[in-house]
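Each chain gets a letter, A, B and so on, in the order its sequence line appears, and its residues count up from 1.
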Amino acid sequence: MAAEMGRMPFFYNTEGRLVQVDYALAAVGRGSTTLGLRTKDFAVLASQVKPTRPLLEPAEKVYVVDEHVGATGSGYIGDVTTLVDEVRVTAQRHRLAYDVPIDMGTLSRTLAEHLHSFTMYAVRPFGASIILAGADELGIQLVQVDPSGTTFKGSGFAIGQHADEALDVVHKGYRPNLTVEEALALASRAIEDVNGGKSEIEFGIVRGDTKRFERMPLENAAA
Amino acid sequence: MAAEMGRMPFFYNTEGRLVQVDYALAAVGRGSTTLGLRTKDFAVLASQVKPTRPLLEPAEKVYVVDEHVGATGSGYIGDVTTLVDEVRVTAQRHRLAYDVPIDMGTLSRTLAEHLHSFTMYAVRPFGASIILAGADELGIQLVQVDPSGTTFKGSGFAIGQHADEALDVVHKGYRPNLTVEEALALASRAIEDVNGGKSEIEFGIVRGDTKRFERMPLENAAA
Amino acid sequence: MAAEMGRMPFFYNTEGRLVQVDYALAAVGRGSTTLGLRTKDFAVLASQVKPTRPLLEPAEKVYVVDEHVGATGSGYIGDVTTLVDEVRVTAQRHRLAYDVPIDMGTLSRTLAEHLHSFTMYAVRPFGASIILAGADELGIQLVQVDPSGTTFKGSGFAIGQHADEALDVVHKGYRPNLTVEEALALASRAIEDVNGGKSEIEFGIVRGDTKRFERMPLENAAA
Amino acid sequence: MAAEMGRMPFFYNTEGRLVQVDYALAAVGRGSTTLGLRTKDFAVLASQVKPTRPLLEPAEKVYVVDEHVGATGSGYIGDVTTLVDEVRVTAQRHRLAYDVPIDMGTLSRTLAEHLHSFTMYAVRPFGASIILAGADELGIQLVQVDPSGTTFKGSGFAIGQHADEALDVVHKGYRPNLTVEEALALASRAIEDVNGGKSEIEFGIVRGDTKRFERMPLENAAA
Amino acid sequence: MAAEMGRMPFFYNTEGRLVQVDYALAAVGRGSTTLGLRTKDFAVLASQVKPTRPLLEPAEKVYVVDEHVGATGSGYIGDVTTLVDEVRVTAQRHRLAYDVPIDMGTLSRTLAEHLHSFTMYAVRPFGASIILAGADELGIQLVQVDPSGTTFKGSGFAIGQHADEALDVVHKGYRPNLTVEEALALASRAIEDVNGGKSEIEFGIVRGDTKRFERMPLENAAA
Amino acid sequence: MAAEMGRMPFFYNTEGRLVQVDYALAAVGRGSTTLGLRTKDFAVLASQVKPTRPLLEPAEKVYVVDEHVGATGSGYIGDVTTLVDEVRVTAQRHRLAYDVPIDMGTLSRTLAEHLHSFTMYAVRPFGASIILAGADELGIQLVQVDPSGTTFKGSGFAIGQHADEALDVVHKGYRPNLTVEEALALASRAIEDVNGGKSEIEFGIVRGDTKRFERMPLENAAA
Amino acid sequence: MAAEMGRMPFFYNTEGRLVQVDYALAAVGRGSTTLGLRTKDFAVLASQVKPTRPLLEPAEKVYVVDEHVGATGSGYIGDVTTLVDEVRVTAQRHRLAYDVPIDMGTLSRTLAEHLHSFTMYAVRPFGASIILAGADELGIQLVQVDPSGTTFKGSGFAIGQHADEALDVVHKGYRPNLTVEEALALASRAIEDVNGGKSEIEFGIVRGDTKRFERMPLENAAA
């Protein structure tokens with residue numbers, strides 16, 4: 001299996017699959033379980049902080065992109081942070097050029113083009129998926145962008161380890177009128193259920209009334 | 001088979017086939033069933049919205065390119081959206097340079113050249129086919145462009161999964177004097193027949209009288 | 001066989017053959033049967049329009065290059081149309097620079113150089129042969145250019161599927177004093193004989209008296 | 001094993017791992033045992049000086065980056081010193097541009113981006129991990145950056161040979177209120193325990209009160 | 001054999017042979033039998049015109065380079081014509097720069113450097129050998145240049161199919177005081193003997209008295 | 001073994017070793033036995049002049065870099081001389097820019113960076129190690145730089161064939177208060193012991209009092 | 001054997017040998033037997049002119065580089081002549097820049113750097129060794145430069161076929177006070193002994209009194 005892969009480094013295989021993109025998605029699937037939840041009033045980002053070595057500060061998992069936008073990601077950490085920096089620069093450029101906050105459509109489209117270009121011109125695609133949460137003229141928005149440059153909009157996303165199971169938990173508990181507290185609890189439950197118990201989780205939230213994204217202090221999400 | 005492919009990444013095989021282009025067409029063949037229908041009065045684009053995960057908004061499948069032109073595509077989503085952006089920029093440049101809407105011939109020729117150049121100079125061809133529908137001086141036009149840069153004109157196209165079967169359904173139900181409603185119903189039937197039943201479908205339409213392309217709200221195409 | 005080819009992508013094989021050029025010729029051999037016929041008074045281009053899917057307009061097979069020159073080709077359609085565009089630009093540049101129509105020698109030499117350069121510097125040679133028909137100071141001329149940049153002049157050419165058999169039919173029926181009607185009928189017969197019966201054929205003609213090349217409406221070439 | 005590796009030089013393997021990055025980490029794992037310890041009042045860097053050939057001065061293992069920052073590293077020595085030079089230049093540029101000492105966040109982020117870019121654009125990733133110790137507005141900081149561009153913050157790091165065991169010793173002896181002398185002794189013990197006895201160790205220290213980093217004379221760390 | 005070749009594309013083999021150059025010479029050995037003969041009064045170029053398809057004009061085999069120089073070649077036709085164009089441009093540049101006809105030494109040296117450079121920098125060496133015949137201050141000169149950039153001067157050359165046998169015939173019949181008619185007859189005989197009988201042959205001649213090179217009308221060289 | 005190597009040209013192997021750098025060190029290990037010795041008053045360079053063919057002048061093995069610096073090397077001769085030229089240019093540039101002799105730290109660091117860069121960006125690392133001996137503000141200095149860009153400082157170095165054994169001889173005979181004569185005799189003995197007897201040796205010396213480096217005439221180092 | 005070579009195109013093998021350089025030396029070893037002899041009063045270059053085809057002028061084997069310098073070489077003829085042109089240009093540039101003849105040290109160093117650079121940056125090393133003979137301020141000098149850029153100075157060199165045996169003959173007959181006639185006879189004998197009898201030989205000579213290099217007319221070196 002490994003040997004066959006070695007022979008088709010960057011191209012389509014006979015079934016028309018871009019194998020390096022598939023393997024990049026496998027890299028995402030090894031990352032921390034990471035979620036995004038959205039109602040019409042707010043959006044929450046949540047990412048498991050993997051148990052680490054002693055004396056190590058947990059890594060930042062939720063990032064402020066701009067006043068009104070936050071991000072989280074899963075996959076290669078170096079790839080995630082490089083992409084978040086890209087997104088931050090995109091947002092700042094927009095403010096400088098147009099003197100208004102960037103809208104989520106432009107922001108996610110620019111990120112998607114960046115990721116896509118690495119599937120056509122570069123040595124390798126990025127090994128990371130990113131979830132953006134933000135508030136703009138169209139309201140609260142939640143977007144996921146994958147290594148192939150594919151963009152998804154929605155009210156609930158999960159990436160990283162056990163993403164499908166975590167999304168299942170979210171789906172069952174989701175209601176459009178969730179309160180913030182309920183949403184945080186739901187996200188915690190989803191991450192903990194699929195990772196075998198209590199977990200450190202980092203949260204971020206953007207609210208429609210303030211149009212501000214804030215990281216939330218780490219907590220040991222207990223019942 | 002996979003191993004053999006790995007040894008001939010970008011070149012002709014002994015039969016004179018560009019294997020990467022063939023595999024790119026295989027990528028298109030894995031995409032959503034997507035149709036274009038044309039009469040002398042209008043053209044309709046229709047693309048199945050694949051059943052998605054809960055809490056996920058269906059992806060946009062029909063795109064406004066310019067006032068008088070729309071597009072849809074099948075294959076790698078990142079490739080489709082990148083190509084649609086190319087087409088949009090081409091149309092806008094034409095307006096800026098000549099102050100008139102771009103004609104369908106120039107637009108499809110530019111897209112075909114772009115796709116073709118990736119079979120001669122690039123790391124990989126695009127894994128997407130595009131259907132353009134537009135209205136210009138020559139009337140209503142429907143064009144399909146493939147990864148090799150091959151362009152087709154006609155009154156009915158199908159790309160993506162089960163394209164041949166879907167085209168068969170379209171062919172049997174097609175009449176040059178179809179009404180818009182009949183055309184939409186025919187497209188719905190073709191997509192649903194080959195995908196095993198009711199499907200979410202996104203539509204777009206360009207009419208000869210208004211020379212305007214419009215996306216149509218998603219509907220559950222039922223009988 | 002396929003595996004061996006994979007190991008010698010662009011170079012000479014032990015017998016001094018440029019294998020990718022040979023395979024590109026194989027691509028030409030899979031294209032539509034396409035002919036050129038010349039007398040001292042006119043030259044005719046004829047290309048079979050392969051039976052296509054319903055609702056599909058037949059593809060253009062004969063192209064106007066300039067007032068006095070036409071072209072047809074066989075092989076990868078994207079390659080054929082890209083080369084025809086090259087030839088058109090060459091002809092227009094000549095008009096702009098010298099204010100006279102380009103002569104067939106310069107035109108075919110430029111095309112041959114373009115094709116040849118892709119055997120020395122590029123990722124792959126073009127997978128298309130082109131037949132040019134034109135009228136200049138030296139009279140009516142018919143030229144074929146192959147993927148290796150080899151140029152042929154003559155009174156009868158055939159490229160694409162069953163080219164050898166079609167050329168045989170042409171050869172047997174050719175007379176230097178053919179009328180236009182006889183030439184068209186001969187070309188039709190050659191294409192139909194080798195493709196098993198009635199075929200859609202697209203024609204083009206350049207005449208010595210008018211020095212104009214014209215595409216001819218598609219007809220179902222019957223007896 | 002070696003043969004398989006040879007076939008997948010720079011890409012993801014089927015499990016989504018960047019194999020060259022993994023192998024670069026293996027290069028780090030062959031380097032000298034190297035530690036960083038932090039309390040709120042100071043941070044200590046310690047690196048084993050491998051027993052060398054006679055008549056050879058021990059290589060510098062702890063580097064002054066700027067007045068307030070020091071560095072150590074493990075892996076390919078040429079890679080370590082090249083990275084330290086990068087970091088020094090970054091710090092000097094910051095002083096020139098802003099007239100203030102660089103903060104640890106900017107410094108480590110720049111180093112991480114540099115390392116990350118070599119996993120996407122270069123022939124090979126760096127074969128070295130770096131530990132930075134510095135004092136800025138936020139207090140005493142200790143950061144480790146890996147070949148993939150991943151950054152860690154914390155109070156205790158170990159890289160190089162037997163890093164896991166050495167970190168275990170550090171963890172067991174660590175207390176937030178360690179004195180400098182206790183910290184140096186703890187670092188010595190950790191390095192010596194895992195390397196089978198008395199070792200030459202080079203130290204460096206940055207203190208919160210002076211905000212200065214100083215290399216410490218080599219000593220034979222005995223009881 | 002073919003498989004082994006595939007593994008050593010452009011380099012020396014263990015015996016120090018540039019295999020691609022050897023294979024390029026094999027390409028030359030598949031071309032038309034082509035000769036050059038020289039006396040102190042004239043030089044003759046002769047190249048067999050291979051029997052071609054009906055309705056095809058024989059390809060030009062002898063080329064006027066400048067008033068006083070002619071050329072012929074064997075190997076890939078596209079390579080031959082590209083090299084002849086190079087030589088023509090070299091001669092014209094010399095006239096423009098110095099206002100005198102180019103001497104044969106400079107002309108052949110420039111061609112040799114061009115061919116040599118493709119053995120060091122390019123994707124493949126040229127698959128053609130060229131024979132130049134010209135008249136300059138030093139008298140009548142005949143030069144052969146091979147794909148490796150090796151240059152030969154002499155009174156008799158043969159390249160292409162059966163070159164060795166043809167050269168043998170030439171050698172046996174050669175006398176320094178051959179008349180033009182005898183030289184043409186000798187060249188004809190050499191080409192026909194090794195190709196099994198009567199052949200179309202194209203000739204060219206440069207004479208010392210006129211210092212002019214002229215192509216000679218094709219003739220069926222009979223006894 | 002050779003075949004396996006062929007498959008991993010420039011990257012890390014599974015153990016994190018840069019194999020081409022290891023092989024470059026093997027090239028150094030095939031060169032002449034070459035030594036450097038240092039006391040606080042002087043440094044001596046000594047390199048065996050391999051027995052050569054008759055009528056051949058022995059190659060220069062010890063090089064003057066600048067008034068106060070000398071060099072010797074082992075490995076590929078072309079690589080050694082190219083590196084020595086690099087070092088000379090570096091020293092001259094420093095004189096031009098700052099009007100003072102270059103210090104040994106800057107000189108050896110620049111050489112190390114040059115060597116290191118060829119392990120990250122180039123087709124191959126250099127196959128040579130260099131020993132520099134010089135006098136600057138810090139006194140007499142002796143530095144060895146390897147193909148990986150690793151730099152060593154010390155009082156005794158050996159590179160080339162039997163380097164370990166030669167260093168062993170040097171070590172046993174070394175005393176910090178060696179006289180120049182004793183140092184030269186010790187170096188001679190080390191080279192001759194490991195190479196089986198009397199050898200031609202080239203010497204160079206830099207003294208602290210004069211701060212000048214001088215090559216010494218070849219001598220047959222006898223008892 | 002051939003297959004193994006194919007897998008290690010340009011790098012070090014496991015023993016630290018640059019295999020392509022070794023194979024380039026094999027190319028030199030297939031060239032004509034070529035000698036250089038030097039006394040303090042003159043230097044002689046001699047190269048066997050291989051028996052060639054009839055009607056072929058023997059190729060030039062000894063080249064005038066500048067008034068005071070000559071060259072000969074062995075290996076690929078195209079490589080030899082390209083290198084001789086390099087050397088000629090170097091000598092002319094020196095005259096233009098400094099208005100004095102180039103010294104042999106600068107000339108041979110420039111050639112060596114040119115050859116060396118093709119072992120680090122190019123597709124292949126040159127397949128030729130060059131012997132330079134010249135007269136400058138330091139007297140008569142004889143230098144050999146190899147494909148790796150290694151330079152030798154001496155009084156007797158042999159390259160090409162049977163070089164070792166030829167050098168042996170030279171060595172046995174060499175005396176520092178050879179007359180020109182004796183030197184030419186010795187060179188002839190060396191070439192003829194190792195090539196099985198009488199040979200065409202081309203000579204060149206540079207004398208200390210005139211400081212001029214001259215090619216000598218070909219002669220059939222008989223007893």
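- Interface summary for chain A: among B:Leu25, B:Asp22, B:Asp85, the most heavy-atom pairs under 4.5 angstrom belong to B:Asp85.
- For the pair B:Gly127 and A:Tyr12, the tightest heavy-atom approach, listed with the atom from each and the gap, is N-OH, 2.8 Å.
- Taking a 6.0 Å sphere around NZ of A:Lys211, one finds it holds more than 12 heavy atoms contributed by other residues, nucleotides or ligands.
- Ranked by non-hydrogen atom pairs under 4.5 Å with chain B, the options A:His116, A:Glu113, A:Arg38 are led by A:His116.
- Annotation for A:Asp99: atom CG does not count as buried by contact number, only 12 or fewer foreign heavy atoms lying within 6.0 Å.
- For chain B, the option among A:Ala112, A:Gly154, A:Ser117 with the highest count of heavy-atom pairs below 4.5 Å is A:Gly154.
- Summarising the local packing, CZ of A:Arg88 is surrounded by more than 12 heavy atoms from other residues, nucleotides or ligands at distances under 6.0 Å.
- Using a 4.5 Å heavy-atom cutoff, the side chains of A:Arg109 and B:Thr81 are in contact.
- Side chains of B:Tyr23 and A:Thr14 form a contact here, defined as non-hydrogen atoms less than 4.5 Å apart.
- The 12-atom threshold is exceeded at NZ of B:Lys50, counting heavy atoms of other residues, nucleotides or ligands nearer than 6.0 Å.
- Among B:Asp79, B:Val80, B:Val28, the residue making the largest number of heavy-atom pairs under 4.5 Å with chain A is B:Asp79.
- Between B:Leu56 and A:Phe157, the closest side-chain pair of non-hydrogen atoms falls below 4.5 Å.
- The number of heavy-atom neighbours closer than 6.0 Å to CZ of B:Arg95, taken from other residues, nucleotides and ligands shown, is above 12.
- Between A:Arg17 and B:Arg30, the closest heavy-atom pair is NH1-NH2, 3.3 Å.
- Here B:Glu57 contributes atom CD and A:Leu142 contributes atom CG; the two are 9.5 Å apart, rounded to the nearest 0.5 Å.
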